[in-house]
Amino acid sequence: MQLQWALTSNNRPIHSRHVMFFYGSLMDAEILQSVLGLPDVPQMSKGEIKGFSMKIWGIYPTILRNTQGTISGTIWKVDSESHFLRLHEYETGVYKWCYCEVKLEDGRELKGCRTLCWAGNADSKELEEGEFDLLRYQKYFKASVDRR
């Protein structure tokens, strides 16, 4: 089955099966389970995308298009409209849906994947240089999100 994707005029997702690339708190499978209300911890795979750079917005990472950058993260196949809508709600309006190609650890490449990018101005004073530290997030902030 070919995966399809579309956005409405207000950047809300229209459902279809799709591989999502996560680079922040959603790299933690237990957080993804909690956010989406999944019955089981999802099985995710590691990968990376090129053509993006990371900035930090508060405690959260965001990515911007960049010809040089590489971002590490995880992928998961979203196949429910309610999951797309919940991800959109969780990430808030400061992010927008972007296309990306993911290179998996085994060398395979997945085209037509989606991720969430900064929706504002790339030069925004709200953004700082930095990298996302998943272990730090899990230690200090995970409990406030994980409602399993």
Reported CZ-to-SG distance for the pair Phe21 and Cys100, which is rounded to 0.5 angstrom: 6.5 Å
Point-to-point distance, once rounded to the nearest 0.5 Å, from NZ of Lys50 to CG of Asn66: 12.0 Å
Salt-bridge contact Glu128-Lys55 (side-chain N to carboxylate O under 4.0 Å): no
side-chain contact (heavy atoms from CB on, under 4.5 Å) between Trp97 and Leu87, intermediate numbers included: CA-CA 10 Å; Trp97 301 99; Leu87 286 169; 4.1 Å; yes
For Gly24 against Pro61, the heavy-atom pair lying closest together: CA-CG, 3.6 Å
Min side-chain heavy-atom separation Thr70-Phe52 under 4.5 Å: no
Side chains of Val145 and Tyr90 in contact at under 4.5 Å (non-hydrogen atoms): yes
Backbone N/O of Gly112 and side chain of His18: donor-acceptor pair under 3.5 Å: yes
Asn121 side, atom CG; Glu126 side, atom CD - distance, nearest 0.5 Å: 10.0 Å
Residues forming a side-chain contact (heavy atoms from CB on, under 4.5 Å) with Glu91, sequence neighbours excluded: Leu26, Tyr95, Leu116
Exceeds 12 heavy-atom contacts within 6.0 angstrom, atom CZ of Arg65: yes
4.5 Å side-chain heavy-atom contact, Thr62 and Met54: no
Worked verdict on Gln138 versus Asp28 for side-chain contact (heavy atoms from CB on, under 4.5 Å): CA-CA 8 Å; Gln138 290 168 326; Asp28 182 318; 2.7 Å; yes
Rounded distance [0.5 Å steps], CG in Leu36 versus OG in Ser82: 8.0 Å
Non-hydrogen side-chain atoms of Ser45 and Trp76 separated by less than 4.5 Å: no
Side chain proximity check, Ile71 to Phe132, heavy atoms < 4.5 angstrom: no
Closest non-hydrogen atom pair, Thr74 against Met27: OG1-CA, 3.5 Å
Sidechain N-carboxylate O distance under 4.0 Å for Arg108, Asp106: yes
Considering all heavy atoms, the nearest Pro42-Ala29 contact: CD-O, 3.3 Å
Side-chain touch Leu32/Phe22, heavy atoms, less than 4.5 angstrom: yes
Test item: side-chain donor near acceptor, Gln33 and Asp40, under 3.5 Å: no
Heavy-atom donor-acceptor pair, Ser144 side chain to Phe141 backbone, under 3.5 Å: yes
Heavy-atom side-chain contact between Ile63 and Tyr23 under 4.5 Å: yes
Gap separating the CH2 atom of Trp118 from the NZ atom of Lys96, nearest 0.5 angstrom: 11.0 Å
Ile59 CD1 to Asp133 CG distance, which is reported to the nearest 0.5 Å: 11.5 Å
Main-chain N/O of Tyr137 paired to Ser25 side chain as donor or acceptor, under 3.5 Å: no
Main-chain N/O of Val19 paired to Arg114 side chain as donor or acceptor, under 3.5 Å: no
Note, Val35 side chain near Arg86 side chain (heavy atom, < 4.5 Å): yes
Minimum-distance pair of heavy atoms, taken over all atoms of Met20 and Val78: CG-CG2, 3.4 Å
Presence of salt bridge, Lys103 and Glu109, under 4.0 angstrom: no
